[in-house]
Amino acid sequence: MADLTSLTLAEARDGLRAKKFSAREIADAHIAAIERARGLNAFVMETPERAQAMAAASDQRIAKGEAGSLEGLPLAIKDLFCTDGVRTTASSKILGNFVPNYESTVTGNLWRDGAVLLGKTNLDEFAMGSSNETSCFGPVQNPWRRKGSNAPLVPGGSSGGSAAAVAAQLCLGATGTDTGGSIRQPAAFTGTVGIKPTYGRCSRWGVVAFASSLDQAGPFARTVRDAAILLRSMSGHDPKDSTSADQPVPDFEAAVGKSIKGRRIGIPKEYRVDNMPAEVEALWRQGAEWLKAAGAELVEISLPHTKYALPAYYIVAPAEASSNLARYDGVRYGLRVEGGDITDMYEQTRSAGFGAEVKRRVLIGTYVLSAGYYDAYYLQAQKVRTLIKRDFEEVFAKGVDAILTPATPSAAFAVGEKAGADPVEMYLNDIFTVTVNMAGLPGIAVPAGIDGAGLPLGLQLIGRPFDEETLFSVGAVIEQAAGRFPPPERWWER
Ligand code: GLN
């Protein structure tokens, strides 16, 4: 039998339906692959017994002709989604051994449709980061390495464990969350597909909050079709999340393979940033050529407030984070470090429980929200946010269907390379992705090429609100033109 871990999610789905193999066999193949890949540090919790039990139940439902749309398909879940009875940490010491007694809506939707939980994946602490280096469990290694080098590379962040697990064929798909790029950037760094849907498409209920007005869940997969299949299951209105959108969920998979003839694709001139590697620039041009060849019409567009997006994001996101993280006080969840009195206990707990980057965000957030600074920073950033949103609205009003940009300003970098004294080095990674969260729009990253060092590079497509279908149609054209590249060599198994 062919290696069951190298199937796409769609192939596995179809093979299970045709009874070519069982859900138990697929689960076992992935459990074994995860064991062999512990060196990647992609998982912070493996749940093999649960996976086997869920797979056995899937096999029974398949036998009875009651299979759901994801029946028997093993997935990995970012450890930011609460999972009933399975430890959930947000990769933070402060959550300790917190075991939720409830299930996030998004993961609940996946299990409803028959998917199988393989385990929880590593991430930057509270999803704050772009490299997975802020995790209390240590960094994740990117399955990809530079040609002729053994230097460990980051998988991107914050959903680095999920991206690495999908790229290394440890699961058929995974969940991520994206507040400023945490799905799209790691997808680009690992040669996987990642989509952040429109704000409100997926429920935030049961997802550990970072910045509530920006956070969105979305899938990682190895193909555009697989991402479409997963997103359909994850999406849907949830009365438990007041920002969840009451919008019909289309069959996203049907958009894959649809013609893009006559669709208008915008190329924003503001995304041509200083010091962009020539290879990234060339790939962007190549992507535009591919879309043109498929019948799309390319238009030069302007998003004039792009340059303010990063500074505004790094005010809004920490502000919301400082408020959301106030609940970790040693009383309600996880870690408690006793102190002389209750204030001392709070202080001891929070200083021991939070890592340096989270502390930085709490400090920045508290500062920009404090009396006297609120107007100068937070209010100003909110105004900028409105202008960024308006830039997109104006472009879409002119008939642009989607916008093509690079996904990241570079390929994956080395562990330690940007985690130095200046945090802005790291923040600059989000330059192409944060605008999309600020405007609440859907964005997809699709692998589009390999650079001279042998590392994957991705292109990003940004769409109109609730028009993920166009992103899947256009993304599939890029995928087809680029050709699916072979998976990384399994050096971690040696
Ligand atoms: N890298 C960004 C940050 O650190 C985005 C993280 C995310 O999307 N969760 O805030």
Side-chain angles (χ1 to χ4, degrees), residues 1 3-7 9 12-13 15-16 19 21-64 66-91 95-123 135-137 140 161-162 164-166 168-176 206-208 219-220 230 233-234 334 492-493:
M1 202 182 322
D3 181 1
L4 293 176
T5 63
S6 62
L7 299 172
L9 182 122
R13 173 191 64 183
L16 278 166
K19 305 208 168 62
F21 35 75
S22 69
R24 255 312 280 271
E25 288 171 311
I26 298 196
D28 286 339
H30 285 94
I31 291 167
I34 290 169
E35 268 175 33
R36 292 194 299 268
R38 292 209 174 114
L40 295 176
N41 203 23
F43 284 81
V44 299
M45 169 73 84
E46 298 170 16
T47 57
E49 290 88 15
R50 186 177 283 242
Q52 285 169 336
M54 289 174 94
S58 285
D59 281 328
Q60 282 181 5
R61 284 192 291 271
I62 292 168
K64 282 194 262 169
E66 291 169 1
S69 58
L70 299 178
E71 200 65 62
L73 302 176
L75 305 179
I77 300 296
K78 184 179 187 179
D79 205 21
L80 201 65
F81 291 82
C82 288
T83 38
D84 193 354
V86 177
R87 188 190 71 180
T88 301
T89 66
S91 285
L95 273 158
N97 282 318
F98 171 59
V99 179
N101 57 359
Y102 50 87
E103 188 75 33
S104 84
T105 298
V106 162
T107 48
N109 290 346
L110 294 169
W111 318 141
R112 171 203 65 204
D113 290 341
V116 167
L117 171 67
L118 286 167
K120 308 290 294 285
T121 55
N122 206 341
L123 66 148
S135 165
C136 74
F137 298 103
V140 174
S162 285
V166 171
Q169 305 186 329
L170 310 182
C171 54
L172 293 173
T175 63
V207 182
V208 176
F220 285 92
L230 288 171
S233 176
M234 293 167 71
W492 58 89
E493 293 195 348

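Looking at residues two or more places apart in sequence or on another chain, you find no side-chain contact (heavy atoms from CB on, under 4.5 Å) involving Glu49. Every ring-ring contact (aromatic ring centres under 6.0 Å, His included) that Phe98 has, sequence neighbours left out, goes to Tyr333.
When all heavy atoms of Ala23 and Asp59 are compared, the pair lying nearest together is N-OD1, 2.7 Å. A pairwise comparison of heavy atoms in Leu118 and Leu170 identifies CD1-O, 3.4 Å as the closest pair. Contact detail for Thr5 and Ala29: the closest heavy-atom pair is CG2-O, 3.6 Å. The two residues Ala51 and Val116 come nearest to each other via the heavy atoms O-CG1, 3.5 Å. For the pair Lys120 and Phe81, the tightest heavy-atom approach, listed with the atom from each and the gap, is NZ-O, 2.9 Å. Closest of all the heavy-atom pairs between Arg13 and Leu73 is N-CD2, 3.7 Å.
For the atom pair CD (Glu46) and CD (Glu35), the distance works out to 6.5 Å, reported to the nearest 0.5 Å. Note that the OG1 atom of Thr88 and the CG atom of Asn97 stand 11.0 Å from one another [nearest 0.5 Å]. Here the straight-line distance linking atom CH2 of Trp111 with atom CG of Leu75 works out to 5.5 Å at 0.5 Å rounding. The line from CG of Leu123 to OG1 of Thr89 is 6.5 Å long, rounded to the nearest 0.5 Å. Rounding to the nearest 0.5 Å places OG of Ser22 at 12.0 Å from CD of Gln60. Rounding to the nearest 0.5 angstrom, the gap separating the CD1 atom in Ile34 from the CG atom in Leu40 is 11.0 Å.
Under the 4.5 Å side-chain criterion, counting only non-hydrogen atoms from C-beta, Val140 is not in contact with Ser135. Annotation: side chain of Thr121 is not in contact with side chain of Phe220 (no heavy-atom distance under 4.5 Å).
When only modelled atom types and interatomic distance are considered, Glu71 and Ser58 share a side-chain donor-acceptor pair under 3.5 Å. Using modelled atom types, one finds no donor on one side chain facing an acceptor on the other under 3.5 Å when comparing Thr83 with Thr107. Side-chain contact annotation: Asn122 with Ser91, donor-acceptor N/O pair under 3.5 Å present.
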Start with the C-alpha distance between Asp79 and Met45, add both sets of side-chain angles, then the distance that settles side chain to side chain contact (heavy atoms under 4.5 Å, CB included), and finish with yes or no. CA-CA 9 Å; Asp79 205 21; Met45 169 73 84; 5.7 Å; no
Could you go through Thr175 and Leu80, starting from their C-alpha distance and side-chain angles, then the distance that decides it, and tell me whether this counts as side chain to side chain contact (heavy atoms under 4.5 Å, CB included)? CA-CA 10 Å; Thr175 63; Leu80 201 65; over 6 Å; no
Take Ile77 and Leu110 through the test side chain to side chain contact (heavy atoms under 4.5 Å, CB included) and record every step on the way to the result. CA-CA 10 Å; Ile77 300 296; Leu110 294 169; 4.0 Å; yes
